[in-house]
Amino acid sequence: DTLIEVSFDTQLGKEQTLNRWLNYKRSIFDIENSFKILYDKTIDEEVKQRIDRLFENQRKLARLTLNVPNNSEEIERYHKNVKKIKEDISKEEIFLSKKVLELDTQAITYKDILNILKPKELYIDFAKVDDTYFYFILDKQEHITFNKFTKEDSQKIDEIIQKIREDIGKTPLRLVKIRYGKLYDLIIKNMNIQDKVSLIISPDGLLELIPFEAFYNEVEQKYLVEKLNIRYIPSGKELVKLYQNRTISKSQKVVVFSEVDFDYKSAIRNKPRSRGNLLGMLEPNWHYLNSSEEETKIIQSTFKKNVITFLKDKATQENLFKVDAPKLLHLSTHGIFIKNSEIVNPMEKSLILLSGANESIRQKKGDGVISGLELAGLNLHGTELVVLSACETGVGEIEEAEGISGLSKAFMKAGAKNIVMSLWSVDDKATSKLMEYFYQNIKNGDDYTIALNKAKRTMIQSQKNSEMHPYFWSGFIGSGY
C-alpha cells in the first residue's frame with residue numbers, strides 16, 4: 001500500500017508514475033515467483049535464509065488453515081498461532097519486497113506496452129487504493145492519461161457492482177441497462193474511445209467482478225462490446241511477459257473434459273489423500289451439466305480429428321494431470337470458490353470438480369475436487385487457450401492491488417496463454433450457444449479475443465423481437481494475450 005500511495009501522492013511525471021505502478025502491480029500479483037527469482041540471483045545469505053523462513057511459514061499457515069480445530073481451548077491456541085505466523089510472514093515480505101525491487105532486472109516501462117498496442121487500441125490500467133479508484137490510459141501515440149475518481153464516485157461504482165452481482169439473473173433487463181449505464185457514465189464516458197476499436201483492461205478491486213462488455217451507452221442504446229473488442233490482463237507486466245513468450249503451439253490437439261459423472265465411485269483411490277477440512281465445506285450434491293453433451297458435440301464437429309475427449313467416468317483428476325500441453329483445453333464442469341477467511345491462499349479456495357467429486361466430498365478424501373494450487377502444476381506450456389465452461393470460474397478473492405487470484409491465475413502459472421472463464425453461475429443453454437459461435441469464429445481464423453467478442457455480438461443480434469439479457473452472454477470474459 002505504501003508504495004502505491006507514494007506513487008500517487010508525489011509530483012512525479014505521468015510516465016514515471018505509470019512505470020512504477022506497472023512494476024508494482026506485477027510484483028504483488030506474482031510475489032512468490034519474484035522471491036524465487038531473488039533466491040536464485042542473490043549472493044546474500046541472509047536474504048536466502050529469510051526467503052526460506054517465509055516459504056516455511058507459508059506452508060505452516062496453509063496446513064493450519066486446512067485443519068481448524070473444533071475444541072474451544074484449541075481454537076484460542078490456533079488463533080494465536082495463526083496471528084503469529086501471519087506477523088512473521090508480513091515482516092519477511094516487507095523486507096524481501098524491497099530486495100525484489102532493487103534486483104528486478106525485468107522491470108518494464110510503458111514503452112514495452114506501446115510495442116504491443118495496435119494503432120486503434122487502448123491499454124487501461126485501474127488501481128484501487130483504500131476507498132478510491134485511479135486509472136491510467138495509454139494509446140499507441142504515447143498519450144498517457146492519469147486520473148483519480150472521487151471517493152463518492154468510487155463508492156458508487158462498488159455499490160452498483162455489488163447490486164448487479166447480488167441480483168444476477170433475476171433483474172429485469174430495463175433495470176440492468178440502467179445499472180450498466182451508470183457504470184458507463186462513471187467510468188467510460190469521459191475516456192477518449194471514439195475512434196478506438198479495442199481495449200486491453202487490467203482491472204482492480206470490484207472491477208475484477210464485472211464485464212466491461214455489458215457497460216451500456218444509453219444515448220446510443222448500445223453495449224460497449226457492440227463498439228469495441230475487449231480483453232483483460234491481470235497486470236501490464238503480465239501482458240508484456242505473455243507477449244515476449246508468445247509461441248505458436250506445436251500441438252493441434254484439442255482436449256475436452258465433459259459430461260462429468262460427479263458420483264463416480266471408482267475415482268476414489270486405494271490410498272486417498274486427506275484434504276483436511278476443505279471438503280467438509282462442500283455438499284455432495286453437484287449435478288450433471290445438461291449442456292456438457294452439446295458442448296462436446298460442438299467441439300467435435302468444429303475441430304474433428306484433433307479432438308481428444310475424456311467423458312463421464314474418464315473425466316477424472318488423474319487423466320487431467322496426464323494432459324501434455326494441448327493447443328486448447330476445454331473443461332465443461334462446475335467451478336466454485338469457497339468463502340472462508342480461515343484459508344488464506346485464494347488459489348486453495350478456487351476449485352474445479354471432476355468425476356467422483358460427490359463421492360470425494362462424502363468421504364472427505366480422494367480425487368475429483370481440484371484446487372487452483374494443484375492446477376498450477378499442470379503442463380500447459382505452449383497451450384494457447386484454456387476454456388473453463390463452468391460456474392463462477394473467474395471469481396476469486398479481492399486483495400489489495402492483486403484482485404482476483406483463483407483459477408485463472410492457476411492456469412496462467414501452468415503455462416496457458418489465454419483463459420476464458422465465467423464471472424457468475426452461467427445458463428446451460430446460453431453457454432452452449434455462446435461456445436458454438438466462439439469455436440466457429442476460431443475455426444474461421446479469428447484470434448481468441450475477437451472470436452469471443454464476436455460471439456457475444458452474435459448472441460445480442462440473434463434476438464429479433466426482444467433483446468438478450470446480459471446475464472446470458474456477458475458472463476464469460478477472456479484474459480491473456
| task | Please assess E259 against K312 for the test salt bridge (Lys or Arg N to Asp or Glu O under 4.0 Å), listing each intermediate value before the final yes or no. | result | CA-CA 5 Å; E259 303 170 44; K312 300 180 172 62; 2.7 Å; yes
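- Ring orientation note: the planes of W473 and Y223 are nearly perpendicular, at an angle over 60° on the 30°/60° scale.
- The existence of a salt bridge linking E166 and K163 is excluded, since no basic side-chain nitrogen approaches an acidic carboxylate oxygen closer than 4.0 Å.
- E121 and S198 form a side-chain donor-acceptor contact under 3.5 Å, judged by distance and modelled atom types alone.
- K120 and D195 are not joined by a salt bridge, as no carboxylate oxygen comes within less than 4.0 angstrom of a charged side-chain nitrogen.
- A donor-acceptor pair shorter than 3.5 Å can be found between the side chains of Y184 and N217.
- Remark: of the listed residues L311, T333, I352, N319, N319 is the sole one forming a side-chain contact (heavy atoms from CB on, under 4.5 Å) with F257.
- Summarising the local packing, NZ of K443 is surrounded by more than 12 heavy atoms from other residues, nucleotides or ligands at distances under 6.0 Å.
- Checking Q440 against E436 by side-chain atom types alone, no donor-acceptor pair falls below 3.5 Å.
- Atom CG in L228 sits 4.5 Å away from atom CG in L199 (nearest 0.5 Å).
- For K196, the NZ atom counts as densely surrounded, since its 6.0 Å shell holds more than 12 non-hydrogen atoms of other residues, nucleotides or ligands.
- No hydrogens or angles considered: nothing links the side chains of Y110 and D112 as a donor-acceptor pair under 3.5 Å.
- Note: Y439 and H330 have tilted aromatic rings, judged against thresholds of 30 and 60 degrees for the angle between ring planes.
- Ring geometry, F149 versus F126: the interplanar angle falls under 30°, so the pair is classed parallel (tilted spans 30 to 60°).
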